[in-house]
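A short worksheet on the structure shown next.
Each ligand, and each atom within it, is numbered from 1 in the order the structure gives.
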Amino acid sequence: VPADAIPKEWAVGFTPVVQAPRLAAALGLRRLMLKDDGRNPTASFKDRASSVAVALAVAEGAKAISCASTGNAASSLAGYAAMAGLPAFIFVPANAPEPKLAQLLLYGAKVFCVQGTYDEAYCLSRAACERFGWYNRNCAINPYLVEGKKTAGLEIAEQCADDVPDWVAVGVGDGCTIAGVWKGLRQMHEIGLLERLPRMLGVQAAGVAPIEEAFRTGRPPGEVKGDTLADSINVPVPRNWRKAVAAVRESGGTFVTATDEEILAAMRQTGTLAGVLAEPAAAASVAGLVAGRAKEIVGPDETALAMITGSALKDTRNAIRAGGAPTRIGPSLDEVERVVRVGV
Ligand SMILES: *Cc1c(COP(=O)(O)O)cnc(C)c1O
């Protein structure tokens, strides 16, 4: 990607690393940091890849750009396409959360809501790119996207050079994200800017964990029968599983799973104890650290960084499920006082 291909005002990346001492104490970790990628322009980590894709599409003179996505890759691509003035054709499965759909529509993308699975939406997007000559922003096929995703690893190295975390936890769906973060970290180590490398903790949803299974068994991913509310990591047929398994293995790390209940609890804890809003797939990284502590994979004296890959506002339905109901009262100060006294 030419250095000037990505205008400054696209403002992608260099998201803050938030210290989370109260969340660390709750999890039983010596130190915990959250890299809040929900603060990217379209509110997810995917901006790192979409900005690269749109820059390349413009450089190639493409007439349009396309992807299939459960939500964030799509809303992010639509955002950057709108910034660049490029038409975007997006294939989403029928179950994408409403806020992500809202972003697509406001950014002016042509949205095909495919009445089928994510995998069917993906195959359709690829075929349409071939037939109509659109630029293909699908991680399964486009080798440049990982170069965008690796910038998170470059930044972690830069932001945490003084105190490299023992673990970096990432929610895993297709597998491209964790492989990208690892690539960035490894390259910073190779050029001597990072003293030592963290171990990668890949976190999948318990209901949809084909890559965790592949890592554990050493066999290719099998058929997935379960489900998860964490839509961004609900990928039953991952295309980048080899890259994810190789990255985690090379780092000396491992995979864990988290149930939907554990993911919802992590969303609430991350908001309440650290002031960071995480969508389900993003809070999976925190839930994975909880699982890692419970299984003694992660020790009490260790430090960790959790990638918060998307904002909770990306999925308000589950955010409200995780957060709980507001307290209903009549418009009277006595009622307020009664509630405050009971300490609810
Ligand atoms: C895409 C995504 C992931 C997982 O990335 P993969 O490359 O599919 O493994 C995790 N969290 C969020 C919020 C995402 O959008």
Inset, instruction - Using a 4.5 Å cut-off on heavy atoms from C-beta on, say whether the side chain of V290 contacts that of R293. - result: no
Inset, instruction - List every atom of ligand 1 that sits less than 4.0 Å from any heavy atom of C176, numbering the atoms from 1 in the order shown and giving each element. - result: 7 (O), 9 (O)
Legend entry - Aromatic ring pairing Y80/W10, orientation class (parallel under 30°, perpendicular over 60°, tilted between): perpendicular
Inset, instruction - State whether the shortest distance between N or O atoms of S44 and N or O atoms of ligand 1 falls below 3.5 angstrom. - result: no
Legend entry - Heavy-atom closest contact (R48 atom, T15 atom, distance): NH2-OG1, 3.4 Å
Inset, instruction - Give a yes or no on whether a salt bridge exists between K243 and D174, defined as a side-chain N under 4.0 angstrom from a carboxylate O. - result: no
Legend entry - N/O separation below 3.5 Å, G310 to ligand 1: no
Legend entry - More than 12 heavy atoms from other groups under 6.0 Å of CD on E98: no
Inset, instruction - Please identify which atoms of ligand 1 are closer than 4.0 Å to at least one heavy atom of G173. - result: 4 (C), 6 (P), 8 (O), 9 (O)
Legend entry - D174: numbered ligand 1 atoms lying under 4.0 Å from its heavy atoms: 6 (P), 8 (O), 9 (O)
Legend entry - Numbered atoms and elements of ligand 1 in range of G171, under 4.0 angstrom, heavy atoms: 4 (C), 10 (C)
Legend entry - Considering all heavy atoms, the nearest M33-P165 contact: CE-CB, 3.9 Å
Inset, instruction - Please indicate whether any nitrogen or oxygen in K46 is less than 3.5 Å from any nitrogen or oxygen in ligand 1. - result: yes
Inset, instruction - Tell me, yes or no, whether the heavy-atom count around R219 atom CZ, taken from other residues, nucleotides or ligands under 6.0 Å, exceeds 12. - result: no
Inset, instruction - Have a look at ligand 1 and work out which part of K314, if any, has a heavy atom under 4.0 Å from it: side chain, backbone, both or neither. - result: neither
Inset, instruction - For atom 10 (C) of ligand 1, grab the closest protein heavy atom and report residue, atom and distance to one decimal in Å. - result: T309 OG1, 3.5 Å
Legend entry - Proximal atoms of ligand 1 relative to K149 (non-hydrogen, under 4.0 Å): 7 (O)
Inset, instruction - For ligand 1, indicate whether the residue I233 contacts it via side chain, backbone, both or neither (heavy-atom separation under 4.0 Å). - result: side chain
Inset, instruction - Have a look at ligand 1 and work out which part of T177, if any, has a heavy atom under 4.0 Å from it: side chain, backbone, both or neither. - result: both
Legend entry - Heavy-atom neighbours of R186 CZ exceed 12 at 6.0 Å: yes
Legend entry - Atoms of ligand 1 close to V172 [distance to a heavy atom under 4.0 angstrom, numbered from 1]: 9 (O)
Legend entry - Pick from A73, G175, S69: the one approaching atom 9 (O) of ligand 1 most closely through a non-hydrogen atom: G175
Legend entry - Salt bridge present between E213 and R216 (N-O < 4.0 angstrom): no
